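Structure record follows, encoded as structure tokens.
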There are 2 protein chains.
Amino acid sequence: MENVDSQAEKARWRGRAKPQAAEAKRAQRQQQLILAAIDCISRKGIGDTTVADIARVADMAVGSITQYFTGKDALFSAALQQMAQEFETAWRADMALAGTHDAAARLRAFLLAYFRADVCQRKKVAVWFAYWGEVRARPRYRAICAEFDLVHDTMLRDLCASLIQEGGYAELDPARTAKTLAALAQGLWLEHLTGSDGLSRDELSMHALLGLRALFPHDADAFADPA
Amino acid sequence: MENVDSQAEKARWRGRAKPQAAEAKRAQRQQQLILAAIDCISRKGIGDTTVADIARVADMAVGSITQYFTGKDALFSAALQQMAQEFETAWRADMALAGTHDAAARLRAFLLAYFRADVCQRKKVAVWFAYWGEVRARPRYRAICAEFDLVHDTMLRDLCASLIQEGGYAELDPARTAKTLAALAQGLWLEHLTGSDGLSRDELSMHALLGLRALFPHDADAFADPA
DNA sequence: TATAATTGTATGAACATTCATTCATAATTT
DNA sequence: AAATTATGAATGAATGTTCATACAATTATA
């Protein structure tokens, strides 16, 4: 991640063209490693994933890891960052689709983004929990999570505030309502991960919608289960 | 754990007394190790906790761990088992206090047990997530969790079913309502663990009560915030 | 040909486990 | 009661393994 600058610098320095292709290839290789790391973490956990595992899955040599990341830790941090970034991109996209005016529709889109097919894979959820399991011990992970949580929480609180205003839910506190919904969504992820009766993504969505209807009964229609 | 039988056997065989004291001391020593393991895991995570760490905190020799547990893994499993057992004991006790007739009061007691002072310590929540982070990778952890989840889920579903019947919430499905509440409680644990604005246990309780009131509006009184 | 990228082995640090020894207490014998 | 023997808990240094990182050799690219 930190070599991006030196790449750009080099391009400027030489004045030649090629940074396009070279940089793209470099990015693709980094991506390969990040994907492999995520895959390994989901199957073996953070503690038991070795660089050899990652190299094997990425179909690269162990030495290449140092080429693209300072070390194992940096790779793991980059993987976490990417997961967080991907999720943020996902809910932003879904919200954009829901328009800009209807607060209920936007809130619905936001919360259901948790259960998108590309987000709510068992594999990825396992990785989220692997990181959360280490978050106390590793300040770096904590910092990355905090950065994305901030914008996530702010958005959710604003959505709740809008709906509370528009829908006439004077008794609800926006911040508390938002935290409650966030907790519900993340708790459902845990259910997805550990539940013996493997709840499908659709079922998880319906649990989330049940929570939304309960909190915002006037908008039950907007939060109805999909047909 | 597996020597208990041979101990009892010996007592029977010799007819003499002493197993009392010896067994108690043994149990106390095991306890010391389990407590030390929980402490270390909460501070360093499962992956970075070494037997040396545990021995230091327990104020014992590294070799003593093998004396009481097959190995590091067995100790960790025992610690998880104990945490799960403690939690089950906690909610059972709180429910007993809530009586046997009032479904709402019992459900309230059950859910608020998540936020008892002795259960909802940051330290212990960190350990829960450390285990969940590894649960995919370690079948042993998964089995222990599944065992306790079963009785937990059954109880919660029965509670929801009772209240749905008594309170006239025909539109609610007991199983789905139960899962939703469980997810909310566990999600609030995560909030407790990672939330930058460290929510106090009281605040967490209030979030849970908000969820209960939303789902069961006829019983808002029973689920009111504490004064 | 010069430069960059890739590879896989070499290295040493970190670690869990093993085990010979010590020591306090209980059991047995005088 | 005193002396002797037996027991098994406790210890921590020794052992062998696992792993991340560094680096020298090799291959690809420009």
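All figures in this text were calculated on a predicted structure; none of them were measured in a lab. Proteins get letters first, then strands, A, B, ... in listed order; numbering begins at 1 in each.
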Taking atom [atom2] of [N] as reference, at what distance in whole Å does atom [atom1] of [X] sit?
| X | N | atom1 | atom2 | answer |
| --- | --- | --- | --- | --- |
| A:Arg56 | C:dG8 | CZ | C1' | 14 Å |
| A:Met60 | C:dT7 | CE | P | 8 Å |
| A:Arg26 | D:dT29 | CZ | P | 16 Å |
| B:Phe69 | D:dA10 | CZ | P | 12 Å |
| B:Asp48 | C:dC15 | CG | C1' | 12 Å |
| B:Leu75 | C:dA16 | CG | C1' | 13 Å |
| A:Ile46 | D:dA20 | CD1 | C1' | 16 Å |

task: Would you sort out whether A:Asp73 and A:Arg140 count as a salt bridge (Lys or Arg N to Asp or Glu O under 4.0 Å), showing the intermediate values?
output: CA-CA 9 Å; A:Asp73 254 26; A:Arg140 185 87 193 82; over 6 Å; no
Tabulated below should be each protein N or O lying under 3.5 Å from an N or O of nucleotides 21-28 of chain D; please produce it.
| from | atom 1 | to | atom 2 | distance (Å) |
| --- | --- | --- | --- | --- |
| D:dT21 | OP2 | A:Lys72 | N | 3.1 |

Please confirm whether the shortest side-chain N or O distance from [X] to OP1 or OP2 of [N] is below 4.0 Å.
| X | N | answer |
| --- | --- | --- |
| A:Arg29 | C:dT6 | yes |
| B:Ser64 | D:dA10 | no |
| A:Gln67 | C:dT6 | no |
| A:Tyr68 | C:dT6 | yes |

- prompt: Only one of B:Thr50, B:Thr49, B:Asp39, B:Asp53 forms a side chain to side chain donor-acceptor pair (under 3.5 Å) with B:Lys44, so which one is it?
  reply: B:Asp53
field: ring pair (Phe, Tyr, Trp, His ring centres under 6.0 Å) assessment of B:Phe129 paired with B:Trp132
entry: CA-CA 5 Å; B:Phe129 277 86; B:Trp132 283 327; 5.0 Å; yes
- prompt: If every non-hydrogen atom of A:Ile34 is compared with every non-hydrogen atom of A:Ala79, which pair is closest and at what distance?
  reply: CG2-CA, 3.9 Å
message: For the helix from C:dT1-D:dA30 to C:dT30-D:dA1, what angle separates the axis at the start from the axis at the finish, each from five pairs, in steps of 10°?
response: 10°
